[in-house]
Amino acid sequence: MASAAIDSALMSSHIQTLTWSSPEHVEEANPSDTLPVPEAPACSLVSSSCNIPKPPPPPSNIGARSKYPRRPLECCFVPKETTEMWDKVFKDGYGVDVCILAEDRSCVPAHSVVLRIASPVLGSIIEQSKVNHGMRYIKIPGVAHDAVRVFVRFLYSSRYEEKELKKFVLHLLVLSHAYSVLQLKRVYISLLEQGWLNRENVIDVLQLARNCDAPRLAFVCIRMVVKDFKSVSSTEGWKVMKRANPALEQELVESVVEADSRKQERQRKIEEKKVYLQLHEAMEALLHICKDGCRTTGPRDKVLKGNHVTRNFPACKGLEALVRHFSGCKTRVPGGCSHCKRMWQPLELHSRICNEPDYCKVPLCRHFKEKIQQQCKKDETKWKLLVSKVIAAKNAAGPFFSQRSGLL
């Protein structure tokens with residue numbers, strides 16, 4: 001059995017509505033807002049001695065609202081009983097004068113007056129058709145009888161059976177576009193966008209969307225193809241499209257490649273940002289170790305007490321061992337000790353970020369500040385770029401970055 005009839009929110013323009021307009025609905029004028037009309041002078045217009053009255057003064061409250069509420073001149077309300085009545089008119093077929101021939105030459109009876117009002121294209125076809133025994137015969141080739149019936153029923157009452165609509169949605173999309181039934185076309189497009197698309201029909205819907213002037217639906221289809229390209233490309237619809245429309249296949253493949261490139265670029269930027277955030281954490285941890293002390297490594301120029309509890313940064317574990325080694329190593333020359341060599345770069349990066357070299361507890365901070373002036377332009381440019389990206393990554397992380405990473 002067919003599912004229960006669903007009332008569509010989009011009612012056809014031909015549906016009989018309850019309309020009224022009467023003088024009582026016209027907005028009454030406020031006497032205070034009415035301009036006085038001067039009386040015509042009693043003397044002749046050609047008389048020069050005629051006293052012409054002065055023009056009336058402008059109204060004192062031009063923008064004031066009338067004390068009477070504005071009422072609509074027309075009201076429209078379509079109750080359920082009205083849609084049921086029009087549905088019954090279609091199903092009973094009383095007084096029909098048009099026979100619509102489907103693909104199998106079966107007839108769907110209809111009323112010419114309804115078809116003319118609902119679709120200007122059908123109205124033009126009816127005008128050109130000949131009358132045969134009181135009936136006009138028009139053809140809708142290539143469409144099944146049930147699909148034509150669902151289409152014509154919607155023209156009467158804007159109703160449809162969900163099961164039938166889902167079965168013939170592609171045929172109905174073509175019919176609504178070909179016969180310029182825009183309200184029905186909007187219904188089909190909305191239903192497809194909201195969940196009736198799947199990997200089996202997305203290629204067919206995409207081609208129909210382009211042919212039926214539905215750009216948003218076409219965009220939704222392309223997005224679905226790009227998202228699940230592997231599954232879609234294995235369907236029968238893709239294979240048929242590949243043979244019949246190779247240009248579309250090439251376009252979709254290029255869209256997938258472009259989407260993958262953008263995804264890889266976004267992933268690269270995310271990873272790059274993580275590296276710069278880790279560098280910023282390392283700078284904070286280095287300052288923390290040298291200023292406050294951390295576990296086994298005391299602050300500079302002080303002895304770390306055994307019961308002293310300090311903050312623990314994520315980067316402390318690796319830096320703590322490097323700082324402890326660096327403070328006691330006898331060969332600090334770059335290249336002489338592999339551990340010290342790893343320490344030189346964090347120290348130089350810190351010195352470029354530090355704003356207080358005279359009071360900073362990090363070793364060699366002032367030394368690197370003085371060394372900056374002697375560096376070549378190429379090295380200086382690289383360091384400036386690195387510093388700017390570290391600071392930018394920290395700022396982009398927002399004010400809660402420090403709390404998440406333990407930097408507060």
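Every value quoted in this text rests on a predicted model; they were computed, and no experiment measured them.
- For Glu251 and Ser255, the side-chain atoms include no donor-acceptor pair closer than 3.5 Å.
- Using modelled atom types, no side-chain atom of Lys185 and backbone atom of Ala214 make a donor-acceptor pair closer than 3.5 Å.
- No side-chain heavy atom of Lys139 sits less than 4.5 Å from a side-chain heavy atom of Ile100.
- The shortest non-hydrogen separation linking Arg199 to Thr235 is O-CG2, 3.4 Å.
- By the 6.0 Å contact criterion, CZ on Arg268 is enclosed, its count of non-hydrogen atoms from other residues, nucleotides or ligands being greater than 12.
- Residue pairs that meet the disulfide bond (SG atoms under 2.5 Å apart) test with at least one member in residues 219-267, sequence neighbours left out, do not exist here.
- No side-chain heavy atom of Asn198 sits less than 4.5 Å from a side-chain heavy atom of Val202.
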Worked check of side chain to side chain contact (heavy atoms under 4.5 Å, CB included) between Leu101 and Ile138: CA-CA 6 Å; Leu101 299 176; Ile138 62 176; over 6 Å; no
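- A pairwise comparison of heavy atoms in His350 and Met283 identifies N-SD, 3.4 Å as the closest pair.
- Between Ile222 and Phe219, every side-chain heavy-atom pair lies at or beyond the 4.5 Å cut-off.
- Judged as a disulfide bond (SG atoms under 2.5 Å apart), not a single pair has a partner in residues 224-258 (not counting sequence neighbours).
- Rounding to the nearest 0.5 Å gives a distance of 12.5 Å between OH of Tyr276 and CD1 of Ile391.
- Leu192 places a side-chain heavy atom less than 4.5 Å from the side chain of Val169.
- Without hydrogens or angle criteria, Asn211 side chain to Gln207 main chain gives a donor-acceptor distance under 3.5 Å.
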Check the pair Phe168 / Asp146 against side chain to side chain contact (heavy atoms under 4.5 Å, CB included), numbers first and verdict last. CA-CA 8 Å; Phe168 301 110; Asp146 291 341; 3.5 Å; yes
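- Once rounded to the nearest 0.5 Å, the distance linking CD of Glu249 with OG of Ser233 reads 9.5 Å.
- The NZ atom of Lys384 lies 7.0 Å from the OG1 atom of Thr381; values are rounded to the nearest 0.5 Å.
- The two atoms that bring Cys212 and Leu173 nearest to each other are SG-O, 4.2 Å, heavy atoms only.
- Using a 4.5 Å heavy-atom cutoff, the side chains of Arg159 and Arg153 are in contact.
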Applying salt bridge (charged side-chain N to carboxylate O under 4.0 Å, His left out) to Glu162 and Lys166, what does each step give before you reach the verdict? CA-CA 6 Å; Glu162 183 177 2; Lys166 194 169 185 179; over 6 Å; no
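- Between the side chain of Ser190 and the main chain of Val187, no donor-acceptor pair closer than 3.5 Å is present.
- Residues Val226 and Leu252 are not in side-chain contact: their nearest non-hydrogen atoms beyond the backbone lie 4.5 Å or more apart.
- A distance of 4.5 Å separates OG of Ser129 from CZ of Arg136, quoted to the nearest 0.5 Å.
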Passes side chain to side chain contact (heavy atoms under 4.5 Å, CB included), Leu217 versus Leu206? Steps please. CA-CA 7 Å; Leu217 179 58; Leu206 171 59; over 6 Å; no
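- Asp87 contributes no side-chain N or O that, together with a main-chain N or O of Phe154, makes up a donor-acceptor pair within less than 3.5 Å.
- For Asp92, the salt bridge (charged side-chain N to carboxylate O under 4.0 Å, His left out) partners at least two apart in sequence or on another chain are Lys88.
- Separation of the His111 and Phe90 ring centroids does not fall under the 6.0 Å cut-off.
- Between the Ser119 side chain and the Tyr179 main chain, a donor and an acceptor come within less than 3.5 Å of each other.
- Interatomic distance, Cys354 SG to Leu347 CG, rounded to the nearest 0.5 Å: 11.5 Å.
- Considering CD1 of Ile189 and CD of Gln194, their distance stands at 11.5 Å, rounded to 0.5 Å.
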Pair Arg262, Glu265 - check salt bridge (charged side-chain N to carboxylate O under 4.0 Å, His left out), show working. CA-CA 5 Å; Arg262 289 197 299 266; Glu265 180 64 18; over 6 Å; no
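- Between Phe229 and Trp238, the two ring planes are perpendicular [angle over 60°; tilted spans 30° to 60°].
- Applying the 6.0 Å contact sphere to CZ of Arg149 captures no more than 12 heavy atoms from other residues, nucleotides or ligands.
- What you find for Ile203 and Gly237 is that their closest heavy atoms are CG2-O, 3.7 Å.
- Looking at every heavy atom in both residues, Val181 comes nearest to Ala118 through CG2-O, 4.4 Å.
- For the pair Glu103 and Val143, the minimum side-chain heavy-atom distance is 4.5 Å or more.
- You'll find the side chain of Lys242 stays beyond 4.5 Å of the side chain of Pro246, heavy atoms only.
- Ala209 approaches Ala218 most closely through the heavy-atom pair CB-N, 3.7 Å.
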Let's go through Asp228 and Ser231 carefully: what are the C-alpha distance in whole Å and the side-chain angles of both, what is the deciding distance for side chain to side chain contact (heavy atoms under 4.5 Å, CB included) to 0.1 Å, and is it a yes or a no? CA-CA 6 Å; Asp228 194 15; Ser231 299; 3.1 Å; yes
